[in-house]
2 protein chains.
Amino acid sequence: MPNYYEPCQCGRVSEVLQRVGDKWSVLVIMMLGDEALRFNELRRRIGGISQRMLTLTLRTLERDGMVNRTVHPTVPPQVEYALTPLGRSLWEPVEALGKWAHQNLPNIDRARQAYDSANGVAASAHEAEEA
Amino acid sequence: MPNYYEPCQCGRVSEVLQRVGDKWSVLVIMMLGDEALRFNELRRRIGGISQRMLTLTLRTLERDGMVNRTVHPTVPPQVEYALTPLGRSLWEPVEALGKWAHQNLPNIDRARQAYDSANGVAASAHEAEEA
DNA sequence: CCGTATCCGGGCGGATACTG
DNA sequence: CAGTATCCGCCCGGATACGG
């Protein structure tokens, strides 16, 4: 069973991985895990995302077949976003990764502190460059 | 069982996820999955990464406790990089994600083609802006 | 409410040159 | 071989204003 990241599609897979790692994409997928959400509701829940980025993120996810966009022709307009089967299938490994991240945050923090105290934290004091 | 991405550490988890999604970090972790590698060997295998970025990526991974850096005081110097237990534990969900990406590349491609033909591909022809 | 367009600053990351 | 330092273009992404 050879590796999935063999030279040929290594770049392509990496590309998908980047999308997964994309800050907003992941949060959107997480948020849409259970329910369909409207634009601003999604925006409120995520918090800290600009309108522009949410739009762009959703468009990309839609284009990649991860989310469905449903427009209700009411006034004012209502737009609902939900995961597609493909999106839901992605949700699972992402969830696993999220679980890992959540569990290992303390480990990472400790590793960083250890590293920073070993190598000088003072190294970051080069920001105090001028007298 | 509430969500792992509740407001409190939502940002932190997302931060870790971003690192995972980072193009080079993921490739490094994948490459180091089975064996320890030297700097330039790693660089050659990844392909397309600049010396600067490989250094930065390795430093960050080291600081986060994902990889071990071992210097053999020979001449010329030899430096070997290997996954730590923490790094190896990350490797698993990443591998799962890689598997997903590999399996679903065709689906994503088809979704994109469908999307692009539905909405005008010509939209991207706005690059031909001037007469 | 939902989305697009425009402006613009900051940082990511490649290229290059230089050390031990 | 392994790494640091510097320069610099480019694109990401926030802010803002406007349209349906």
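Within every chain, numbering begins at 1; the chains are lettered A, B, ... in the order of the sequence lines, protein sequences first and strands thereafter.
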Would you mind reading off the distance between [X] atom [atom1] and [N] atom [atom2], rounded to a whole angstrom?
X: A:Leu42; N: C:dC1; atom1: CG; atom2: P; value: 14 Å
X: B:Asn119; N: C:dT4; atom1: CG; atom2: C1'; value: 15 Å
X: B:Lys23; N: C:dG11; atom1: NZ; atom2: C1'; value: 17 Å
X: A:Arg44; N: C:dC2; atom1: CZ; atom2: C1'; value: 13 Å
X: A:Asp22; N: C:dC12; atom1: CG; atom2: P; value: 15 Å
X: B:Gln18; N: D:dC12; atom1: CD; atom2: P; value: 14 Å

Side-chain heavy-atom pair [X], [Y] within 4.5 angstrom cut-off:
X: A:Leu17; Y: B:Leu27; result: no
X: A:Phe39; Y: A:Gln51; result: yes
X: B:Leu54; Y: B:Trp24; result: no

Of all of residues 71-83 of chain B, which get a heavy atom below 4.0 angstrom from DNA chain C, listed by number?
-> B:Pro77
Sub-4.0 Å heavy-atom contacts from residues 50-70 of chain B onto DNA chain C, ordered by number = B:Ser50, B:Arg52, B:Met53
Begin from the C-alpha positions of B:Glu95 and B:Arg88 and carry the test salt bridge (charged side-chain N to carboxylate O under 4.0 Å, His left out) through to its verdict.
-> CA-CA 10 Å; B:Glu95 168 73 4; B:Arg88 191 166 299 274; over 6 Å; no
Correct closest heavy-atom pair for A:Val13 and B:Ala101 would be CG1-CB, 3.9 Å
Of the non-hydrogen atoms in A:Leu83 and A:Gly33, which two are nearest, and what is the gap between them?
-> CD1-CA, 4.0 Å
Would you call A:Arg112 and B:Glu15 a salt bridge, taking side-chain N to carboxylate O under 4.0 Å as the test?
-> yes
Ion pair B:Glu41/B:Arg44, N-O distance below 4.0 Å = yes
Closer to the 5' end of DNA chain C via nearest nucleotide, is it A:Asn40 or B:Ile49?
-> A:Asn40
Note the angle between the end axes of the helix from C:dC1-D:dG20 to C:dG20-D:dC1, five pairs defining each, rounded to 10 degrees.
-> 40°
State whether the side chain of B:Arg43 and the backbone N or O of B:Ile49 hold a donor-acceptor pair below 3.5 Å, judged by distance alone.
-> yes
Hey, is the main chain of A:Asn68 close enough, under 3.5 Å, to the side chain of A:Thr84 for a donor-acceptor pair?
-> no
Working to the nearest 0.5 Å, report the span between CG of A:Leu32 and CH2 of A:Trp91.
-> 11.5 Å
